[in-house]
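Notes for the one structure printed next.
We count residues from 1, following the sequence as given. When a ligand or atom number is given, it counts from 1 through the structure's own listing order.
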Amino acid sequence: MDKGKIIILSAPSGTGKSTIIRQLMEMPDLNLGFSISATSRSPRQGEEHGREYYFISEEDFRDRVARGEFVEWEEVYAGTCYGTLLSEVERVTGSGKNLIMDIDVKGGVNVKERFGDDALSIFILPPDLDTLARRLRGRATDSEEKIAQRLAKAEYELSFADRYDRQIVNDSLPEAVSEVRNAILSFLGK
Ligand code: ADP
Ligand code: 5GP
């Protein structure tokens, strides 16, 4: 069985990445497996250990870093780490599925450098920063303080967009999903 390829999606928090990924996962011809990252943040309402993330303590996270278990990891927000476990990449690509990764801008650029032509990197852009703020508030999963932290980081994150293979604006959700789908199909040679 051929090994699966790697698809990297990055965007400022609140742009709609998870929503887009959920829809893509429902499309059998893309044959996607989600890369479940490890994080030291606590689960949001509705999130489950081993589905959205492996929720682990900061101490466990540091131990795993020391043991070299991560392909990449970042302290994305002060005091909160996220990382991709090598075991996770092997689990998904080894089963022949294409690995879809939702990772931050630095992690995305690093993984693209490491996997080269075996990876497609896509940056999802919000239509503008006001819309991004509205989406974060509308999602109602983060405190005002966390939202401010995420918005403060958005402009910095947007400066990474041109280092990705593709840039797609999430204004109309169905159009964005369709553009991302077509980019993946063309990368997979379908
Ligand atoms: P991310 O994973 O990038 O942080 P989410 O997928 O959680 O973002 O989306 C943030 C919020 O914006 C959610 O409430 C989602 O339903 C909403 N949303 C996503 N895409 C659109 C869109 N195109 N138009 C309007 N709302 C959207
Ligand atoms: P959230 O807390 O909203 O789920 O995610 C916050 C940020 O962490 C997002 O930008 C997301 O892409 C990023 N992220 C999630 N998992 C990983 C990972 O394994 N590695 C890196 N570098 N970033 C990640």
Protein residue, atom and distance nearest to atom 20 (N) of ligand 2, heavy-atom basis: Glu72 OE2, 2.7 Å

Lys/Arg-Asp/Glu bridge criterion (N-O < 4.0 Å) met for Arg134, Asp130: no

Residue pairs fulfilling side-chain hydrogen bond (donor to acceptor under 3.5 Å, both in side chains) with at least one residue in residues 24-35, sequence neighbours excluded: Asp29-Arg181

Nitrogen or oxygen atoms of Tyr53 and ligand 2 under 3.5 Å apart: yes

Student check: side-chain heavy atoms of Glu157 and Ser13 closer than 4.5 Å: no

Proximity of Asp102 to ligand 1 by residue part, where a heavy atom lies under 4.0 Å: neither

Polar contact flag for Trp73 and ligand 2 (N/O pairs, less than 3.5 Å): no

Shortest protein contact, atom 13 (C) of ligand 2 (heavy atom only): Asp104 N, 3.6 Å

Ligand 2 contact by Gly83, heavy-atom criterion under 4.0 angstrom: yes

Ligand 2 contact on Glu75 by region, counting heavy-atom pairs under 4.0 Å: neither

Nearest heavy-atom neighbours spanning Pro126 and Leu158: CD-CD2, 3.9 Å

Nearest non-hydrogen partners of Ile8 and Tyr164, listed with the distance: CG2-CE2, 4.3 Å

Proximal ligand 1 atoms for Ser13, defined as those under 4.0 Å from one of its heavy atoms: 4 (O)

Ligand 2 atoms in contact with Arg41 (distance to a heavy atom under 4.0 Å): 1 (P), 2 (O), 4 (O)

Partner residues of Phe115 under the ring pair (Phe, Tyr, Trp, His ring centres under 6.0 Å) criterion, sequence neighbours left out: none

Verdict with supporting geometry, Arg139 and Thr141, side chain to side chain donor-acceptor pair (under 3.5 Å): CA-CA 6 Å; Arg139 186 169 71 184; Thr141 51; 3.0 Å; yes

Closest protein heavy atom (residue, atom, distance) for atom 20 (N) of ligand 1: Asn170 ND2, 3.0 Å

salt_bridge(Arg91, Glu88) N-O dist < 4.0 Å: yes

Minimum-distance protein heavy atom relative to atom 24 (N) of ligand 1: Arg135 NH2, 3.2 Å

Nearest-neighbour protein heavy atom for atom 8 (O) of ligand 1, which is reported as residue plus atom name and distance: Gly16 N, 3.1 Å

N or O contact, Tyr77 vs ligand 2, cut-off under 3.5 Å: no

Nearest-neighbour protein heavy atom for atom 10 (C) of ligand 1, which is reported as residue plus atom name and distance: Gly14 O, 3.5 Å

Distance from atom 12 (O) of ligand 2 to nearest protein heavy atom, with residue and atom: Asp102 OD1, 2.7 Å

Validation row: Arg114, Val111 side chains within 4.5 angstrom (heavy atoms): no

Donor-acceptor pair, side chain of Ser37 and main chain of Thr84, under 3.5 angstrom: no

Heavy-atom closest pair, residues Leu24 and Ile100: CD1-CD1, 4.0 Å

Protein heavy atom at shortest distance from atom 7 (C) of ligand 2: Val76 CG1, 3.9 Å

Ligand-residue contact atoms, ligand 1 with Asp171, heavy atoms, under 4.0 Å: 22 (C), 23 (N), 24 (N)

Atom 16 (O) of ligand 1 - nearest protein heavy atom and its distance: Thr19 OG1, 4.1 Å

Minimum-distance protein heavy atom relative to atom 19 (O) of ligand 2: Ser37 OG, 2.7 Å

Minimum-distance pair of heavy atoms, taken over all atoms of Val109 and Phe160: CG2-CD2, 4.0 Å

Met101 heavy atom under 4.0 Å from ligand 2: no

Under 3.5 Å: N/O of Ala11 near N/O of ligand 2: no

Close N or O approach (Arg139, ligand 2; < 3.5 Å): no

Closest protein heavy atom (residue, atom, distance) for atom 2 (O) of ligand 2: Tyr82 OH, 2.5 Å

Considering all heavy atoms, the nearest Val76-Tyr82 contact: CG2-CD1, 3.4 Å

Polar proximity ligand 2 side, Arg150 side, N/O cut 3.5 Å exclusive: yes

Verdict with supporting geometry, Leu173 and Ile20, side-chain contact (heavy atoms from CB on, under 4.5 Å): CA-CA 8 Å; Leu173 180 62; Ile20 292 171; 3.8 Å; yes

Distance from atom 7 (O) of ligand 1 to nearest protein heavy atom, with residue and atom: Arg139 NH1, 2.8 Å

4.0 Å heavy-atom contact, Thr131 with ligand 1: no

Heavy-atom nearest neighbour in the protein, as seen from atom 2 (O) of ligand 1, with distance rounded to 0.1 Å: Ser18 OG, 2.4 Å

Closest non-hydrogen atom pair between Phe61 and Ser40, with its separation: CD1-N, 4.3 Å

More than 12 heavy atoms from other groups under 6.0 Å of CD on Glu58: no

Part of Glu157 within contact of ligand 2 (heavy atoms, under 4.0 Å): neither

For Lys17, the ligand 2 atoms whose distance to one of its heavy atoms is below 4.0 Å: 9 (C), 10 (O), 11 (C), 12 (O)

Numbered atoms of ligand 2 (with element) below 4.0 Å of Glu74, judged on heavy atoms: 22 (N)

Side chain to side chain, Leu132 and Thr15, heavy atoms closer than 4.5 Å: yes

